[in-house]
Amino acid sequence: MSSLARRRATDYTVKVVSTLFAAVALLLLAWILWTLVIRGLPAMGPHVFTRITMPPGAGGGLLNAIVGSLIQIAIALVVGTPIGLMCGTFLAENGRNTQIGNAVRFVNDVLLSAPSILIGLFVYQILVMPFGGFSGWAGAAALAVIVIPVVVRTTEDMLNLVPIGLREAAFALGAPQWKVVTFVTWRAARAGIVTGILLAVARAAGETAPLLFTSLGNNSWSLDMNSPMASLPIAIYQYAASPFDDWVALAWAGALLITVGVLTLNILSRLVLAKMK
Amino acid sequence: MDATLSGTADPALVSARKPAGRVSDPVFVGILWGSGIFVLILLGLIIAMLFEGGLPALQEFGISFLWSTTWNPVTEVFGAGVMVFGTIFSAVIAVIIALPLSFGIAFFLTEIAPGALRRPIGVAIQLLAAIPSIIYGMWGFFVIVPLMAAYVQPPLIDLLGPLPVIGALFQGPPLGAGMLTAGLIMAIMILPFITAMFVEVLESVPPMIKESAYGVGATTYEVYRNVSVPYGRTAMVGAVMLGLGRALGETMAVTFVIGNATRMSASLFAPGSTIASTIANEFPEAAPGSLKLQSLLELGFILFVISFIVLALSRLLVRSKLKG
């Protein structure tokens, strides 16, 4: 009987400890968000969105960094989404049990978790060094390499949820594959595919390392894609490590901005996914 | 045409050779295949470019570049030893901290939490994975580093520092930044990945074998420990490897909190550097074509090889179990 009591006590202890661990994880999330709010909110204001980065003490904002980020993310999406969508479709429709399909799936999984700073180094070598300098194009290209695997993965997962009977019905009517895919499978999985794109935006928006040696950052107003371009994460990186209080405050404002944006995108996409499944 | 269509998964689809797509279909299928091949080539290109870029450094310093602990930009003598050590050391610390937490949280999410709370709590923990790495870096630098320096490191140094053998782990001044802090921050970052995969694996355990164990009187924890975890062991090891792989390549968070010293030390509190943090820090000071730049690219290649092996192994273990 004492052995039973001991087993029950162990069971109880482990349950309490596990619950505590889960509470710790939630508290960590709350702690990070709280830090962002109490340090970022006081630094927030119209100037963050209306003024460009300026020397310390001059009352600058983050306008050029925000616009630079938006432009680079937009171009990354324009380049990366079609490739990711097509590749994900290839995996779900043509490459399901083929060797080449398995190889592509494997490579995509590696790209998904590969250190993002190496993507920066790669783009530096193919776009920055040969073309004589850091540029917005290079930054966008690096972000496109981040976007592609995210879109591939979600597209494949979502297309796999579409019942095979739906495809068979369309094929039986004599539709060619492009029609079946565009009018039947993509349409059925539309919400899920859009979710993947949202997640890719969220991922690209917070990436700093791939931009360090590609678009470099720029403290003046520039929309020229051929020259270095500002971005929010790089501005935060530069300002957070600076010795000036107003720069550090601005970095917190930017950090709050990015985190709110990224978490909103994540929650939105999870809501859509929950509805689908 | 025949060849491409026979590549489709379902045999029923093969009969789809119909006049409507005579011209457009091969184009469409060609684009699909092209995109698949593109992703393959992309990874190949990344490997090739990093290899090619770092080759001059490897030729200059020989194979001992991999373990030489000298990193001296002034005399232009470079070696990867300190960074390789720092990369692996900090990532292992992260996994050691994250692993028990993940086991506990997965147990909580699959066995303890009431049904209605499971999803919201699971999602909240997953949000930890969505927070960008630079945010972890700032939070670590401004919040955790001062706490470590003031409250965590001094008592540990006083208490454990004088001990033989393990005392070596607790030496040096309490700077706040260092290996342990970097590992701690990364542990929080990889925790959601490991936990999510643990939960997925545990949920795939057939209810029948769990019920059998309950039937002979096992407690919840005993079922978890002796039935569920052994059942999913292979995939769970894979999940841990994924966490390790992510920690190995983590850049921005580490750069903020590791102290960026190019010295080797066994102490948990000593500042160090990882491959990724060294690249982030020193790249701006490396002139195009310089030996330093080539050495950094070679570091990148080494990091790629290490992550590739870990991630490939992880995937192999996870897939083998979840498919079977």
Side-chain angles (χ1 to χ4, degrees), chain A residues 7-8 10-11 14-15 17-19 21-22 25-26 28-29 32 35 83 86-87 89-90 93-98 103-104 106-111 113-115 117-118 121-122 125-126 129 164 168 171 174 176-178 202 206 208-209 212-213 233 236-237 240 255 258-259 262-263 266 270, chain B residues 7-10 12-13 16 18 20-21 24-25 28-29 31-33 35-36 38-40 43 46 49-50 53 101 104-105 107-108 112 121 123-125 127-128 130-132 134-135 138-139 143 188 191 219-221 245-246 249 251-252 276 279-280 283 288 297 300 303-304 307-308 311 315:
Chain A
R7 285 171 50 214
R8 280 196 177 143
T10 311
D11 185 54
V14 173
K15 278 180 178 164
V17 170
S18 296
T19 311
F21 281 179
L26 294 180
L28 285 169
L29 178 68
I32 295 171
T35 308
I83 299 174
M86 288 297 174
C87 182
T89 310
F90 167 75
E93 307 290 329
N94 302 55
R96 240 184 228 193
N97 291 313
T98 62
V104 172
F106 169 74
V107 163
N108 192 66
D109 280 359
V110 171
L111 279 178
S113 294
I117 191 161
L118 298 183
L121 281 186
F122 162 67
Q125 277 200 291
I126 58 161
M129 259 202 312
I164 207 101
E168 285 171 348
F171 277 124
Q177 201 197 347
W178 72 269
T208 317
L212 283 172
F213 338 115
I236 294 173
Y237 179 48
I258 280 196
T259 309
V262 166
L263 291 189
N266 264 278
R270 274 168 206 284
Chain B
T8 48
D10 201 283
L13 307 188
K18 285 288 173 265
S24 50
D25 222 27
F28 184 77
V29 173
I31 294 174
L32 289 186
W33 274 81
S35 308
F38 176 84
V39 169
L40 280 182
L43 186 81
I46 294 175
M49 292 311 283
L50 290 174
L101 285 168
I105 297 171
F107 182 52
F108 174 81
I112 306 175
I121 294 178
V123 167
I125 290 171
L127 287 184
L128 278 174
I131 294 175
I134 187 158
I135 307 297
M138 280 183 81
W139 179 70
V143 178
I188 305 172
L191 172 83
T219 62
T220 319
Y221 168 65
R246 292 226 156 220
T251 310
M252 300 320 291
I279 297 174
F283 205 90
L297 287 168
L303 175 59
F304 198 95
S307 331
F308 186 88
L311 292 173
R315 197 175 171 286

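As the structure is a prediction and not an experimental result, all values here were calculated from the model. Quick note on labels: first sequence line is chain A, next is B, and so on, each numbered from 1.
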S.K.: Hey, could you give me the CD1/CG distance between B:I125 and A:L28, rounded to the nearest 0.5 Å?
M.R.: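 CG of A:L28 is found 10.0 Å from CD1 of B:I125.
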S.K.: Which one of A:Q125, A:M129, A:R270 has the most heavy-atom pairs closer than 4.5 Å to chain B?
M.R.: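 Highest number of heavy-atom pairs under 4.5 Å: A:Q125.
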S.K.: Under 4.5 Å from any heavy atom of chain A, what part of B:I135 do you find: side chain, backbone, both or neither?
M.R.: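 The answer is the side chain of B:I135.
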S.K.: Look at B:I134, B:I112, B:L43, B:I121 and state which one has the largest set of heavy-atom pairs under 4.5 Å with chain A.
M.R.: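 Among B:I134, B:I112, B:L43, B:I121, the one with the most close pairs to chain A is B:I134.
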S.K.: Distance check, rounded to the nearest 0.5 Å: A:E93 atom CD versus B:L32 atom CG?
M.R.: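 Reported value, rounded in 0.5 Å steps: 8.0 Å.
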S.K.: Could you grab the distance from atom CZ of A:F90 to atom CZ of B:F38, nearest 0.5 Å is fine?
M.R.: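 Nearest 0.5 Å value for the CZ-CZ distance: 14.5 Å.
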S.K.: Ignoring hydrogens, what is the shortest heavy-atom contact between A:A25 and B:L191? Give both atom names and the distance.
M.R.: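 The answer is CB-CD2, 4.0 Å.
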S.K.: Looking at A:I236, A:T208, A:I32, which one has more heavy-atom pairs under 4.5 Å with chain B than the rest?
M.R.: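 The candidate making the most pairs under 4.5 Å is A:I32.
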S.K.: If you round to the nearest 0.5 Å, how far is CG of A:L29 from CD1 of B:I131?
M.R.: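 Spacing of CD1 (B:I131) from CG (A:L29) equals 5.0 Å.
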S.K.: Chain A: which of B:F304, B:F308, B:W139 shares the most heavy-atom pairs with it under 4.5 Å?
M.R.: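 Of the options given, most contacts go to B:W139.
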S.K.: With a 4.5 Å limit on heavy-atom distance, are the side chains of A:R8 and B:Y221 in contact?
M.R.: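 When only atoms from C-beta onward are counted, B:Y221 and A:R8 do not touch, as no gap falls below 4.5 Å.
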S.K.: Quick check on A:I258 against chain B: is it the side chain, the backbone, both or neither that has a heavy atom closer than 4.5 Å?
M.R.: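 For A:I258, the contact with chain B is made by the side chain alone.
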S.K.: Rounded to the nearest 0.5 Å, what separates atom CD1 in A:I83 from atom CD1 in B:I31?
M.R.: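 Going from CD1 on A:I83 over to CD1 on B:I31, the span is 11.5 Å.
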S.K.: Quick one: CG on A:L121 to CE on B:M49, what's the gap to the nearest 0.5 Å?
M.R.: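 Reported to 0.5 Å precision, the distance equals 11.0 Å.
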S.K.: Can you give me the closest heavy-atom contact between A:N94 and B:W33, atom names plus distance?
M.R.: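 Looking at all heavy atoms of both residues, the shortest contact is ND2-NE1, 3.8 Å.
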S.K.: With chain A as the partner, which of B:A280, B:P288, B:A276 has the greatest number of non-hydrogen pairs under 4.5 Å?
M.R.: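 Of B:A280, B:P288, B:A276, B:A280 has the most heavy-atom pairs under 4.5 Å with chain A.
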S.K.: For B:I188, is it the side chain, the backbone, both, or neither that has a heavy atom closer than 4.5 Å to a heavy atom of chain A?
M.R.: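 The side chain, not the backbone.
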S.K.: Tell me, for B:T220 versus chain A, whether the close heavy atoms (under 4.5 Å) come from the side chain, the backbone, both or neither.
M.R.: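 It is both, since atoms from each part get that close.
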S.K.: Mind listing the closest non-hydrogen atom pair of B:A130 and A:N266 along with its distance?
M.R.: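 Closest pair (atom of B:A130, atom of A:N266, distance): CB-ND2, 3.3 Å.
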S.K.: List the atom of B:F107, the atom of A:S18, and the distance in Å for their closest heavy-atom pair.
M.R.: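 So the two residues come closest at CD2-OG, 3.1 Å.
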S.K.: Given that the side chain runs from C-beta out, which part of A:V110 has a heavy atom under 4.5 Å from chain B: side chain, backbone, both or neither?
M.R.: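 It is both, since atoms from each part get that close.
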S.K.: Under 4.5 Å heavy-atom distance to chain A, tell me which part of B:L311 shows up: side chain, backbone, both or neither.
M.R.: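 The side chain, not the backbone.
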S.K.: Closest approach of A:C87 and B:G36, non-hydrogen atoms and distance?
M.R.: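 Residues A:C87 and B:G36, closest heavy atoms: SG-CA, 3.8 Å.
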S.K.: A:T10 vs B:T219, test: side-chain contact (heavy atoms from CB on, under 4.5 Å). Steps then yes/no.
M.R.: CA-CA 9 Å; A:T10 311; B:T219 62; over 6 Å; no
S.K.: Tell me, for B:V39 versus chain A, whether the close heavy atoms (under 4.5 Å) come from the side chain, the backbone, both or neither.
M.R.: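 Both the backbone and the side chain of B:V39 come within 4.5 Å of chain A.
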S.K.: Counting only heavy atoms closer than 4.5 Å, note whether A:A255 contacts chain B via side chain, backbone, both or neither.
M.R.: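 When you check distances to chain B, atoms from both the backbone and side chain of A:A255 fall under 4.5 Å.
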S.K.: Pick one of side chain, backbone, both or neither for A:T35, based on which atoms fall under 4.5 Å of a heavy atom in chain B.
M.R.: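 The side chain, not the backbone.
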S.K.: Can you name the closest pair of heavy atoms from A:L212 and B:M252 and give their distance?
M.R.: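 Minimum heavy-atom separation between A:L212 and B:M252: CD1-SD, 4.3 Å.
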S.K.: Please classify the contact between B:S307 and chain A as side chain, backbone, both or neither, with a heavy-atom cut-off of under 4.5 Å.
M.R.: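 Side chain only.
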S.K.: Name all residues meeting the salt bridge (Lys or Arg N to Asp or Glu O under 4.0 Å) criterion together with A:D11; count only those two or more places apart in sequence or in a different chain, and write none if there are none.
M.R.: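 With sequence neighbours excluded, A:D11 shows a salt bridge (Lys or Arg N to Asp or Glu O under 4.0 Å) to A:K15, given in chain and number order.
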